[in-house]
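Written below as structure tokens is the structure these notes are about.
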Number of protein chains: 2
Amino acid sequence: MIKNIDKYCKDNNIKLTPVRLKVLELLQNEKCGLGAYRILDLLRDAGFNSQPPVAYRALDFLVEHGFVHKIESQNSFVACTDPGAHHSPVFMICKKCDSVSEAPASATASDLSEALMATGFKVEQTIIEAEGVCSTCADT
Amino acid sequence: MIKNIDKYCKDNNIKLTPVRLKVLELLQNEKCGLGAYRILDLLRDAGFNSQPPVAYRALDFLVEHGFVHKIESQNSFVACTDPGAHHSPVFMICKKCDSVSEAPASATASDLSEALMATGFKVEQTIIEAEGVCSTCADT
DNA sequence: ACTGTAATGTTATATTATATCATGAGGTTT
DNA sequence: AAACCTCATGATATAATATAACATTACAGT
């Protein structure tokens, strides 16, 4: 996973520096969203500088390049499960276990853009988050 | 508009107190989302107590009863344009003029719930926000 | 009048995010 | 190699958003 991203960065001449890589790894190891200050703590544990801008800069970079998504309803961040692909993700947020999953490619975002076009609104980006109960938690 | 909400409150035995009503009116007079601290300023201007909990409590109440929606990507609030109706709103956020409009009833949210059900996820609530350019701004 | 519940007042603090200016690291131009 | 440019990082301060906790008041039902 990191492999692909690393290659993507080299190909596009963008730099996955140590702190950026570390943040990405931290997020990839989590099934829940992490807040910037949680990430900051984990960075400190890993021996990095831990002032807020450090985390926010790394997150800005990762989000900008599509390696990480921000979950707006939680002010948290998750690793992208399909990095490189330009997409309009849909997130499933479980209120029992807090897990955040990116929904497998769905037509929702494009349907939405089309539907809104009828109102004269030109969609550039969509934020779609669903709160509910994941299949694992539903079973218990 | 306030009329209907007032009636709804009486019918359901919930209280639209002065500060709650004022916040609702402030939001109804705006086409953009307002942040809690902006609302707080406006409350102060109107002679109300202006400690943060005042605004947040009023907003909590209004959101809970569906009179106001929170725009998660902006940490702002807008008046509901179809209060009383239990719905899954879709918002159109214009990046030029900052206006926030609630999309006329769309199938998007229910389509989404259905699509995600296939993954085993049980949707309870959806957050759908589209960023782009409104028809007014597109014309200029 | 008594009591229970919801609303408001008040103070303090937690959480999330950014502005600003200084320093460093690595290319590339001369 | 020196000068320069750009991007990344270091460091300090502060802004913006949100809630905890406890005291007081208002008011309906008994």
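Reminder, nothing fancy here: chain letters follow the sequence lines and each chain counts from 1.
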Discussion item. Enumerate the ring pair (Phe, Tyr, Trp, His ring centres under 6.0 Å) contacts for residues 109-140 of chain B, please, sequence neighbours excluded, ordered by first and then second residue.
Written reply: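 Pairs touching residues 109-140 of chain B that pass the test: none.
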Fill in: Contacts of Ala109(A) that satisfy side chain to side chain contact (heavy atoms under 4.5 Å, CB included) - sequence neighbours left out
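Counting only residues at least two positions away or on another chain, Ala109(A) forms a side chain to side chain contact (heavy atoms under 4.5 Å, CB included) with Ser88(A), Thr126(A), Ile128(A).
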Fill in: Qualifying residues under side chain to side chain contact (heavy atoms under 4.5 Å, CB included), relative to Ala105(B), sequence neighbours excluded
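In terms of side chain to side chain contact (heavy atoms under 4.5 Å, CB included), with neighbours along the sequence ignored, Ala105(B) is linked to no residue.
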Worksheet item: In B/S/- notation, 5' to 3', how is nucleotides 17-30 of chain D contacted by protein heavy atoms closer than 4.0 Å?
Response: BBBBB---------
Discussion item. List the residues meeting side chain to side chain donor-acceptor pair (under 3.5 Å) with Ser106(A), not counting sequence neighbours, and say none if there are none.
Written reply: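 Counting only residues at least two positions away or on another chain, Ser106(A) forms a side chain to side chain donor-acceptor pair (under 3.5 Å) with Thr108(A).
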Worksheet entry | Non-neighbouring partners of Lys95(A) that pass side chain to side chain donor-acceptor pair (under 3.5 Å), sequence neighbours left out |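 So Lys95(A) forms a side chain to side chain donor-acceptor pair (under 3.5 Å) with Glu124(B).
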Item to complete: Could you tell me from which nucleotide to which nucleotide of DNA chain C, 5' to 3', there is an atom under 4.0 Å from chain A heavy atoms?
Response: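 Both ends considered, the range comes out as dT16(C) to dT20(C).
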Worksheet entry | Nearest-0.5 Å distance that lies between atom CG in Leu59(A) and atom CG in Leu34(A) |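 Output value for this atom pair is 9.5 Å.
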Cut-off 3.5 Å, no hydrogens considered: what does the side-chain donor-acceptor table look like for residues 60-81 of chain A, sequence neighbours left out?
unit_1	atom_1	unit_2	atom_2	d
His65(A)	ND1	Phe61(A)	O	3.0
His69(A)	NE2	His87(A)	NE2	3.3
His69(A)	NE2	Glu102(A)	OE2	3.4
Ser73(A)	OG	Glu129(A)	OE1	2.6
Gln74(A)	OE1	Ser76(A)	OG	2.9
Thr81(A)	OG1	Glu102(A)	OE1	3.1

For residues 133-140 of chain B, tabulate all N or O donor-acceptor pairs below 3.5 Å that involve a side-chain atom, not counting sequence neighbours.
unit_1	atom_1	unit_2	atom_2	d
Thr140(B)	OG1	Cys137(B)	O	2.8

Could you state the atom-to-atom distance from [atom1] of [X] to [atom2] of [N] in whole Å?
X        : N       : atom1 : atom2 : value
Leu40(A) : dA11(D) : CG    : P     : 13 Å
Leu21(A) : dT9(D)  : CG    : P     : 12 Å
Phe61(A) : dA8(D)  : CZ    : P     : 7 Å

In residues 1-10 of chain B, what donor-acceptor pairs under 3.5 Å come from side-chain atoms, sequence neighbours left out?
unit_1	atom_1	unit_2	atom_2	d
Asp6(B)	OD2	Lys10(B)	NZ	3.1
Lys7(B)	NZ	Asp11(B)	OD2	2.7

Practice prompt. Please list residues of residues 41-51 of chain A whose heavy atoms come under 4.0 Å from any atom in DNA chain C, ordered by number; otherwise none.
Written response: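 Within this stretch, nothing sits under 4.0 Å of the strand.
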Pair up each side-chain donor or acceptor in residues 40-50 of chain A with any protein partner under 3.5 Å, not counting sequence neighbours, and list the distances.
unit_1	atom_1	unit_2	atom_2	d
Asp41(A)	OD1	Arg44(A)	NH1	3.4
Arg44(A)	NE	Ser50(A)	OG	3.3
Asn49(A)	OD1	Gln51(A)	N	3.0

